[in-house]
Every structure is written in C-alpha cells, then in structure tokens.
Amino acid sequence: MLEFGKSLLAYKQFIPHGHCYLWKPELVGLHVVSDSLIALAYYSIPITLLCFVRKRQDFPFKWVFVLFAIFIVTCGTTHVMDILTLWYPTYWLSGLIKAITAIVSLYTACELIPLMPKALALPSSAQLEAGNRELEREISERKQAELGLQEREAMLRRIGDHLHNGAIYKVIREFDGSDRFEYISAGIERLMEVRAEDALKDSSLLYRQFIPEDVPLFQAAVDESRRNLSVFDIQARI
C-alpha cells in the first residue's frame, strides 16, 4: 500500500504538462484560470444540491442528488489535477481520479435510466395546481352542501316544533339493537309527557309510554321509515 501511494505521487520520471504549452505565460495562465473557475463552479454546485436535499426532506429520489454531487466533485477534482500537473506531473494520481470519475459517471447514468419513468410519472406543477383547484372546488361544494343540510335540518326542526302530535326526526339503530333519536319535537313531549332531552339520551323512556301491545307497531313503523326514508303515520295507545 505504501509503495502504491508513492507511485501515485511520483512525478520526477515524467515531464510537467507545462512543457506542452512551452511555458508561455499567457497560455499557461489561460488554462490555470479556466480550470480554476470550472473547479470552483463544480465544487459550489454540490453544496447547493446537498443544501436543497437537506431542507426538502419530502423530496423524492434524494439519493440521485447525492450521486450527482459526488460526480460533480470528482469532475471538479480532475480540473484541479490539470492545474497541478502543469508543474508536478503526478499523472498516476490524475489518472486514478479520472478513473474514479468515470466509474461514478457510469454508475449515475445507469441509475438514471430506470429512474426516468418514475420521475416522469411525478405530477407537474401545472397538474398539482389543477388538482389543488379541483380540491378547493370540492371543499367549497361540500361546505355549501353542509350549510344547505344545516339550514334544511333547522327548518325541519322549526316545523316539527309547531306540530301538536309529532315529530321524531332521524331514528338511528345502535349496535346493541336499540334506537337513538336525534330530534324529538315539543309536540311529542306534550303528547307522551316525556322530556325530549331525556328521551334523546334513553329512547326506552319513549317506548315505555306506549301500551306494551302497541310497542311492536311503533317499532315496525320506525324500521319501515328508516329503510324508505319516509314519514310514518300510526295510531298507538299511550
């Protein structure tokens, strides 16, 4: 391992790359400035990508950004090595970095190919905006429908409160087989001599006001009304 490291850093047996440029200051300076700016850009891009991934934890395919960051860093390092080999011909080290860059590049390209259909399947900003508008429209319609139901229910309660011998509104069958009333009018209170608030808590109070033989008649009418959502009219003794 030590010998391998020495061979990577060995440069005395090679000629510096600057000889190819005949050490012309303007030509050497052009390559140094160009490679420096490219390396600076390559190193700044991964920082931006990693900051983006860190702040957007909900973003899919975050590992792709990490691969891109590694790929871009290795590319930038090859340009740094181009500057270094102008004076110190560590061509083995430069070649190793290029080999690493090639491996990372190929691996990234191979990972992008199967990822492409998944990325294309992601909704665009226009689709998300259209979906949000549709959702807002549905929410608005639902709110309007709920307000309409509340107004209708309030109207039914007002009507029921003025009936002398009715009404019971919305009978719900519980899991244990018992009934639960959501509304009992003042007329039912007067007729059955049971407080509505007590009957809403315990429906058996209302049933106990009937003569026992007529209770099944009332229950059958309630069941029929629940199935057909209809009004029932019965005669029962209390």
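Atom OG1 of Thr78 is separated from atom CG of Leu96 by 12.5 Å, given to the nearest 0.5 angstrom. In this structure, the separation between NE2 on His79 and OG1 on Thr74 is 10.0 Å, given to the nearest 0.5 Å. Remark: Leu149 CG to Arg142 CZ distance equals 11.5 Å, nearest 0.5 Å. To the nearest 0.5 angstrom, Cys75 atom SG is 11.0 Å from Phe68 atom CZ.
Residues Ile103 and Leu112 fall into different hydrophobic clusters, defined by Ile, Leu, Val, Met, Phe, Trp and Tyr side chains chained together at heavy-atom separations under 4.5 Å. There is no path of hydrophobic side-chain contacts, each under 4.5 Å, that joins Val32 to Val80. Leu106 and Val66 are members of different hydrophobic clusters when ILVMFWY side chains are connected at heavy-atom separations under 4.5 Å. Note on Trp87: it clusters hydrophobically with Leu27, by side-chain heavy-atom contacts below 4.5 Å among ILVMFWY residues. Ile238 and Val194 fall within the same hydrophobic cluster, where Ile, Leu, Val, Met, Phe, Trp and Tyr residues are linked whenever their side-chain heavy atoms come under 4.5 Å apart, directly or through other members.
Hydrophobic cluster membership for Ile113: none, as no Ile, Leu, Val, Met, Phe, Trp or Tyr side chain comes under 4.5 Å of it.
A heavy-atom distance below 4.5 Å is not found between the side chains of Phe14 and Thr85. Contact check for Leu93 versus Met81: side-chain heavy atoms found under the 4.5 Å cut-off. At a threshold of 4.5 Å between non-hydrogen side-chain atoms, the residues Leu84 and Thr90 count as touching.
In this structure, the side chain of Tyr91 engages the main chain of Ile15 through a donor-acceptor pair within 3.5 Å. Distance alone, capped at 3.5 Å, places no donor-acceptor pair between the Ser140 side chain and the Glu136 backbone.
Every salt bridge (charged side-chain N to carboxylate O under 4.0 Å, His left out) that Glu197 has, sequence neighbours left out, goes to Arg195. Applying the side chain to side chain contact (heavy atoms under 4.5 Å, CB included) test to Gln235 and every residue at least two apart in sequence or in another chain returns nothing. Residues passing the ring pair (Phe, Tyr, Trp, His ring centres under 6.0 Å) test with Phe210 are Phe218, sequence neighbours excluded. Every residue two or more places apart in sequence or in another chain that forms a ring pair (Phe, Tyr, Trp, His ring centres under 6.0 Å) with Phe52 is listed here: Phe59, Phe65. Annotation: salt bridge (charged side-chain N to carboxylate O under 4.0 Å, His left out) contacts of Glu146 (sequence neighbours excluded): none. Under the side chain to side chain contact (heavy atoms under 4.5 Å, CB included) criterion, Tyr107 pairs with Leu67, Glu111, sequence neighbours left out. The side chain to side chain contact (heavy atoms under 4.5 Å, CB included) test applied to Ile139 returns Leu135, Lys143, not counting sequence neighbours. Partners of Arg133 according to the salt bridge (charged side-chain N to carboxylate O under 4.0 Å, His left out) rule, which considers only residues two or more places apart in sequence or in another chain, are Glu129.
Arg137 has a carboxylate O that lies under 4.0 Å from a charged side-chain N of Glu141, or vice versa, which qualifies the two as a salt bridge.
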Less than 3.5 Å apart, which donor and acceptor atoms pair up between the side chains of residues 42-50 and the rest of the protein, not counting sequence neighbours?
residue	atom	partner	partner atom	Å
Tyr43	OH	Thr77	N	3.4
Tyr43	OH	Thr77	OG1	3.0
Ser44	OG	Leu40	O	3.3
Ser44	OG	Ala41	O	2.8
Thr48	OG1	Ser44	O	3.2

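Every pair tested for salt bridge (charged side-chain N to carboxylate O under 4.0 Å, His left out) that includes a residue from residues 17-38 fails, sequence neighbours excluded, so the list is empty. Under the salt bridge (charged side-chain N to carboxylate O under 4.0 Å, His left out) criterion, the residue pairs touching residues 203-217 are Asp214-Arg237, with sequence neighbours excluded.
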